[in-house]
Amino acid sequence: MPDGTDKPASSPKRSFAAPTGTRDLYPLELARRRWIEDKWRKSAVRHGFEEVDGPTFEHTELYTAKSGDGIVGEIFSTFSGKDEAAVKAMGDALARGEKGAAPYALRPEFTPTLARMFAARGGQFSKPCKWSWQGPCYRAERPQRGRLREFLQWNCDLIGDGSAAADVEVMAVCVGLLESVGLKPADLRLRFNSRRVLGSLVREMGVDAEHESTAFVLLDRRDKLDDDALEAMAFEFGTSDFGFLQFLKRPRGRTGADEALNAMPLDARAKANSLLEPITAVSRELQNAGIAEWCDLDFNVARGLAYYTGTVFELHEASGAMRAVAGGGRYDNLIETFGGPPTPAVGFGMGDVVLSLVLQDKGLMPSDKQIAADLGLRPDVFVISNGQPESDALVGAYLADLRRKGMHARRSYKTTKNVGKLLQDAASCNARYAVIIESATDVTLKDMDANTQDKGPASELLARILPPPR
RNA sequence: GUGGCUAUAGCUCAGUUGGCUAGAGCGCGAGGUUGUGAUCCUUGAGGUCGCGGGUUCGAGUCCCGUUAGCCACCCCA
């Protein structure tokens with residue numbers, strides 16, 4: 001365009017940073033992520049969960065319907081780009097000072113997708129249906145320690161069984177993961193509660209059904225607010241019934257059933273034992289499953305998501321310093337809400353960000369070499385020339401042959417003929433064996449772990465390390 | 001969305017009360033020595049000091065703005 005500017009034809013260089021809250025994963029970092037994904041998947045498989053997957057983005061209404069305001073406010077809105085009418089409508093709404101909603105949302109969590117999937121086709125599966133999933137989720141939050149805008153989540157859900165045993169089966173796969181990465185009950189605590197029990201208790205204390213969910217919010221924040229702030233919020237929410245206020249302001253720190261019951265009004269306490277039955281059922285099953293030592297009953301756990309109906313739980317670092325590693329619970333109404341048959345379901349989600357932090361803090365993240373070995377990425381053999389021209393010429397043929405036979409085979413790209421430096425190259429990629437080509441027929445086979453080697457005919461020595469023929 | 005802290009090489013950091021061509025270690029590349037993963041020696045690449053203004057004879061250094069990152073609140077995996 002002859003616009004008279006003398007800008008050079010080549011546009012100026014511009015550098016881009018990754019968007020806020022996202023991660024660029026270079027080989028070592030991706031290997032660490034794969035290691036976690038591998039542990040997740042294996043834990044799910046061991047416990048009999050089958051992997052499913054769904055779309056990265058959904059209709060926005062899928063989340064506005066049931067997820068609760070917390071998550072809805074963090075949605076990344078998405079347009080198709082071809083739907084100019086929708087883009088314009090949102091622009092107009094914003095211009096009028098209204099809130100606009102995009103037609104699509106990047107998934108902030110997977111549970112609504114799973115409930116939608118089950119509502120659509122769940123009838124064809126035998127019950128209970130045990131599904132696991134892992135993949136990226138997106139939330140437009142301000143990043144900080146343990147929190148990003150794009151993160152990985154692992155979900156395990158058990159659909160079609162409303163029993164306490166089902167609740168505990170889901171908790172058990174979560175604990176199974178922790179055990180598989182070397183964590184101990186002293187490191188992490190699984191705090192559980194029941195919304196149904198909590199609901200009947202607060203009703204006994206004078207809170208009506210309409211205010212039940214705001215009562216849960218208050219209980220969830222007990223540890224973070226002082227009595228005055230709690231009381232102020234309670235009045236604001238219209239949940240200032242005397243009995244409930246006393247319960248809300250009971251001493252902090254102790255979280256078990258006895259402490260909670262002692263803080264309740266007498267007439268409520270009288271009925272409490274029968275009201276507590278759902279929780280005692282869970283406790284029994286925790287014993288049966290052998291994971292009780294990981295778990296604490298905690299009346300402060302209510303969970304933010306609006307769709308939880310029964311048992312709820314959160315997994316926290318024992319010191320309580322860090323945010324939740326995982327959280328979940330029972331959502332018996334969600335599938336019906338999405339047009340399916342009334343179906344009980346329970347599940348949890350675990351994020352990779354906090355889990356990685358915990359593993360690092362505890363020194364449980366394996367070395368990069370160990371991770372590569374765990375993932376089957378360790379080179380089987382490293383091919384080296386002894387520096388003679390006839391050996392140099394054979395490197396490519398050896399590589400091709402070994403690879404064709406199923407070996408992970410590598411070579412050096414350095415120009416040096418120094419065997420020591422080439423072995424250093426082999427060691428730095430953690431190759432299991434090194435093959436030094438000595439002549440047209442002979443090689444030295446070096447066991448890099450044992451630091452032993454033999455020299456002889458190639459056909460004979462390589463036969464030792466080749467995988468058995470199928 | 002609110003607040004605090006930080007910003008010099010890929011990484012970890014020096015850089016004096018403002019003063020010559022901005023440094024080190026590690027890592028990366030090349031070469032040498034010892035036919036075997038170590039050690040050692042030589043050498044190279046890589047930075048408009050986050051970006052934009054201002055003060056000054058002179059700014060990596062002082063001031064303002066901005067962006068990004070980290071941390072906390074909020075919320076949550």
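To find a chain, count down the sequence lines: A is the first, B the second, and so on, and within it residues start at 1.
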Going by atom types only, do Tyr331(A) and Asp157(A) share a side-chain donor-acceptor pair under 3.5 Å? yes
Can you tell me if His59(A) and Glu61(A) form a side-chain donor-acceptor pair at under 3.5 Å? no
Please report the distance, rounded to the nearest Å, between CZ in Arg139(A) and P in G1(B). 18 Å
So if I take residues 440-450 of chain A and measure heavy-atom distances to RNA chain B, which residues fall below 4.0 Å? Lys446(A), Asp447(A), Met448(A)
Hey, does the side-chain of Arg147(A) have a donor or acceptor N/O within less than 3.5 Å of a partner on the base of A77(B)? no
For U39(B) and A77(B), measure between their C1' atoms and round to the nearest Å. 48 Å
Rounding to the closest angstrom, what is the interatomic distance between C51(B) and C57(B) at atom P? 25 Å
Scan Leu355(A) against the nucleic acid and name what it touches under 4.0 Å (heavy atoms): base, sugar-phosphate only, or nothing. nothing
Can you give me the N/O atom pairs linking the protein to nucleotides 2-5 of chain B at distances under 3.5 Å, or say none if there are none?
| residue | atom | partner | partner atom | Å |
| --- | --- | --- | --- | --- |
| U2(B) | O4 | Arg142(A) | NH1 | 2.8 |
| G3(B) | O6 | Arg142(A) | NH2 | 3.0 |

Say you pick atom P in A24(B) and the same atom in U43(B); how far apart are they, in whole Å? 12 Å
Look at the side chain of Ser391(A) and the backbone N and O of Ile437(A), then say whether any donor-acceptor pair between them is shorter than 3.5 Å. yes
Taking every heavy atom of Trp35(A) against every heavy atom of Pro366(A), the minimum-distance pair comes out as CZ2-CG, 3.3 Å
d(CG, Leu423(A); P, G37(B)) in whole Å: 7 Å
C1' atoms of C64(B) and U55(B), separation to the nearest Å: 11 Å
By a strict heavy-atom criterion of less than 4.0 Å, which residues belonging to residues 373-382 of chain A are in contact with RNA chain B? none
Between C1' of U36(B) and NZ of Lys455(A), the distance in whole Å: 12 Å
Any salt bridge between Asp361(A) and Arg145(A), counting N to O under 4.0 Å? yes
Hey, is Lys130(A) close enough to Asp161(A) for a salt bridge, meaning N to O under 4.0 Å? no
Any base atoms under 4.0 Å from Thr20(A), or only sugar-phosphate, or nothing? Heavy atoms, all strands. sugar-phosphate
Is there a donor-acceptor contact under 3.5 Å linking the side chains of Lys446(A) and Asn451(A)? yes
Under a 4.0 Å threshold between the charged nitrogen and the carboxylate oxygen, would Glu51(A) count as salt-bridged to Arg41(A)? yes
Rounded distance in Å between the C1' positions of G47(B) and C11(B): 14 Å
Classify Gln424(A) by what it touches in the nucleic acid, base, sugar-phosphate, or nothing, heavy-atom distance under 4.0 Å. sugar-phosphate
Which pairs with one or both residues in residues 343-373 of chain A pass ring pair (Phe, Tyr, Trp, His ring centres under 6.0 Å), sequence neighbours excluded? Trp154(A)-Phe348(A)
Just checking, is any N or O donor in the side chain of Ser385(A) or Asp392(A) under 3.5 Å from an acceptor N or O on the other one? yes
Consecutive-pair stems (3 or more, Watson-Crick or G-U, under 3.5 Å) for RNA chain B: B:1-7 with B:67-73, B:10-13 with B:23-26, B:28-32 with B:40-44, B:50-54 with B:62-66
Could you go through the side chain to side chain donor-acceptor pair (under 3.5 Å) check for Ser132(A) and Glu50(A) one step at a time? CA-CA 6 Å; Ser132(A) 82; Glu50(A) 295 179 300; over 6 Å; no
Just how far, in rounded Å, is P of C73(B) from CD of Gln144(A)? 6 Å
Do Ser439(A) and Glu390(A) have a side chain donor and acceptor closer than 3.5 Å? no
Give every pair of a protein N or O atom and an N or O atom of nucleotides 27-33 of chain B that lie under 3.5 Å apart, one pair per line with the distance.
| residue | atom | partner | partner atom | Å |
| --- | --- | --- | --- | --- |
| G29(B) | OP1 | Lys414(A) | NZ | 3.4 |
| A30(B) | O3' | Thr415(A) | OG1 | 3.3 |
| G31(B) | OP1 | Thr415(A) | OG1 | 2.3 |
| G31(B) | OP2 | Thr415(A) | OG1 | 2.6 |
| G32(B) | N7 | Lys421(A) | NZ | 3.4 |
| G32(B) | O6 | Lys421(A) | NZ | 2.9 |
| U33(B) | O4 | Asn418(A) | ND2 | 2.8 |

Enclosure of His408(A) NE2 (heavy-atom neighbours >12, cutoff 6.0 Å): yes
We want to know whether Thr444(A) and Gln453(A) form a side-chain donor-acceptor pair, criterion being a heavy-atom distance below 3.5 angstrom. no
Return no unless some side-chain N or O of Gln153(A) is found under 4.0 Å from OP1 or OP2 of A77(B). no
Ile384(A) CD1 to U36(B) C1', in whole Å, measures 8 Å
Choose from C70(B), C73(B), G35(B) the nucleotide whose nearest atom is closest to any side-chain atom of Pro143(A). C70(B)
Which part of the nucleic acid does Gly387(A) contact within heavy-atom distance under 4.0 Å: base, sugar-phosphate only, or nothing? nothing
Nearest heavy-atom contact between Asp425(A) and Ser412(A) is OD2-OG, 2.7 Å
Just by distance, do the side chain of Asp332(A) and the backbone of Ala345(A) share a donor-acceptor pair under 3.5 Å? yes
Strictly by modelled atom types, are Asp447(A) and Thr452(A) linked by a side-chain donor-acceptor pair under 3.5 Å? no
Base, sugar-phosphate alone, or nothing: which one does Leu148(A) contact when heavy atoms must sit under 4.0 Å apart? base
In whole Å, I'd like the distance from the CG atom of Leu422(A) to the C1' atom of U34(B). 14 Å
Suppose you measure atom C1' in C49(B) against the same atom in U6(B); what distance do you get, rounded to whole Å? 15 Å
Among Glu74(A), Glu150(A), Arg149(A), find the one that has a side-chain hydrogen bond (donor to acceptor under 3.5 Å, both in side chains) with Tyr138(A). Glu150(A)
Salt bridge (Lys or Arg N to Asp or Glu O under 4.0 Å) with Asp167(A): of Arg196(A), Arg195(A), Arg330(A), only one passes, and it is Arg330(A)
U12(B) and G50(B): how far apart are their P atoms, nearest whole angstrom? 15 Å
Could one point to a donor on the side chain of Glu141(A) or the base of A77(B) with an acceptor on the other under 3.5 Å away? yes
Can you say whether a donor on the side chain of Glu438(A) sits under 3.5 Å from an acceptor on the base of G35(B), or the other way round? yes
Residue met sooner reading RNA chain B from 5', once Ala18(A) and Ala427(A) are mapped to nucleotides: Ala427(A)
Integer-rounded Å distance: C76(B) C1' and Tyr308(A) OH: 11 Å
Tell me what Val419(A) touches on the nucleic acid: a base, only sugar-phosphate, or nothing, going by heavy atoms under 4.0 Å. base
Distance between the C1' atoms of U61(B) and G15(B), in whole angstroms? 9 Å
Between C11(B) atom C1' and Tyr26(A) atom OH, what is the distance in whole Å? 13 Å
